[in-house]
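Heads up, the thing below is written out as structure tokens.
Since the model is a prediction, treat every value here as computed from it, not as a measurement. Indexing begins at 1, ligand by ligand and atom by atom, following the structure's order.
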Amino acid sequence: MTKPRLFSGMQPSADSLHAGNYIGALLQWKQLQQDHDAVFCVVDLHAITVPQDPAKLREATRRTAAQYIAAGIDPGSSILFVQSQVSAHAEAAWVLSTITGFGEAGRMIQFKDKSAKQGADSTTVGLFTYPILQAADILLYDAEIVPVGEDQRQHVELTRDLAQRFNSRFGETFVVPEVRIRKETAKVYDLQNPGSKMSKSGESENGIIWLLDDPAVTAKKIKSAVTDTERDIRFDPATKPGVSNLLTLLSVLGGSSIPALEAEFAGRGYGDLKSETADAVVAAFAPVRERALELLADPAELDRMLTVNAERADAIAGATLARIYDRVGF
Ligand code: ADP
Ligand code: NA
């Protein structure tokens, strides 16, 4: 019995992933890999759609891969590889770009938002064609399931449209993937600005819990989290975003439900909530951090593992690319 193929990836855009990436992506990937034929990618080609420092990108790529493994992605049963090491991604993206409408690509909300922020002169064509590269990432592996956040829905829908268009124009070639939006997924917010999601590009360094932070730093950040002027510990993201965020972290990483935590903390203060949350986060992240640092201490072994995995990825992606090239007349 074959398991359904799943593809997902994250950009190596910082030295460390954060609590949002861990809870919103890695924890699920770890579970999903049990009953899926899972392919996880460090999407470094995507990372250069905004200006990059080459040495930092190389380091961030290795560190991101190490954190995938440290968080429980098994590079033996799943495939865990670096996108730029499999040349089919860029090649398939080129072909797909020739069946994508200019207006269609221009309707991508992420592009519109990012390019509006950057201005036309600093916006690259690479940022514009990014969703087409993402479509190639998914289609090359015949992925049936693509677990993403809501913000990526439109890109996976474009992927489906391109797959169907190619299939009807050139004959059955691609599996049309399904978007898997995980609604039940907890969102993690910035500890200092609990109205905004925790993000690598977040403004306040103290608001982000980095997976590779020293445990003492993690605890300190959580203990200095912004809350509110009330006293009651209730889950109510609209009016109590800071407290609700702490409850989310404690619930997901400590394993108690939110209602159970509300009952447990009835009549107790924010100080208690912060220190129990800090303990739960440190208990969850310290072993991940240690494992990641161990992997990073042996870069040759990590690179060897990534090379082996890139070869496994290439075997699948290369076969799909051959099919694509044959269909279009190469
Ligand atoms: P960032 O916003 O830090 O650049 P990405 O957009 O690269 O993060 O997200 C990578 C993955 O991590 C996605 O699957 C996304 O859903 C998840 N993720 C990112 N930030 C959060 C968050 N604050 N809460 C929950 N999940 C998150
Ligand atoms: Na982002």
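Residues Thr248 and Asn245 have side chains that never bring a donor and an acceptor to within less than 3.5 angstrom of each other. Inspection of the Gln11 and His46 side chains reveals no N or O donor paired with an N or O acceptor under 3.5 Å.
Note: Phe265 and Tyr270 fail the aromatic proximity criterion, with ring centroids not under 6.0 Å apart. Outside the 6.0 Å centre-distance limit, the rings of Phe285 and Trp210 are not counted as a close aromatic pair. For Tyr141 and His89, the ring centers sit closer than 6.0 Å to each other.
Residue Asn21 places a heavy atom less than 4.0 Å from ligand 1. Proximity of Gln152 to ligand 1 is not established, as no heavy-atom distance is less than 4.0 Å. Within the structure, ligand 1 has Ala186 among the residues with a heavy atom less than 4.0 angstrom away.
Proximity annotation for atom 7 (O) of ligand 1: of Gln11, Met10, Lys200, Lys200 comes nearest, heavy atoms only.
Each of the following atoms of ligand 1 lies closer than 4.0 Å to a heavy atom of Met198: 20 (N), 21 (C), 22 (C), 23 (N). Heavy-atom contacts of Gly24 reach the following atoms of ligand 1: 25 (C), 26 (N) (cutoff under 4.0 Å). Distances below 4.0 Å separate heavy atoms of Ala25 from the following atoms of ligand 1: 11 (C), 12 (O), 14 (O). Near Val188, with a cut-off below 4.0 Å to any heavy atom, the atoms of ligand 1 are 22 (C), 23 (N), 24 (N), 25 (C). Shown in contact with Lys187 at under 4.0 Å from a heavy atom are these atoms of ligand 1, numbered in order with element: 24 (N), 25 (C).
Looking at Ser199 next to ligand 1, an N or O pair under 3.5 Å apart turns up. At least one N/O-N/O distance between Lys197 and ligand 1 falls below 3.5 Å. Annotation: Gly20 places an N or O atom under 3.5 Å from an N or O atom of ligand 1; distance criterion only.
Applying the 6.0 Å contact sphere to CZ of Arg58 captures no more than 12 heavy atoms from other residues, nucleotides or ligands.
Taking hydrophobic clusters as Ile, Leu, Val, Met, Phe, Trp and Tyr residues chained together by side-chain heavy-atom distances below 4.5 Å, Leu45 does not share a cluster with Leu96.
Listed here is the closest heavy atom pair of Ser84 and Asp44: OG-OD2, 2.5 Å.
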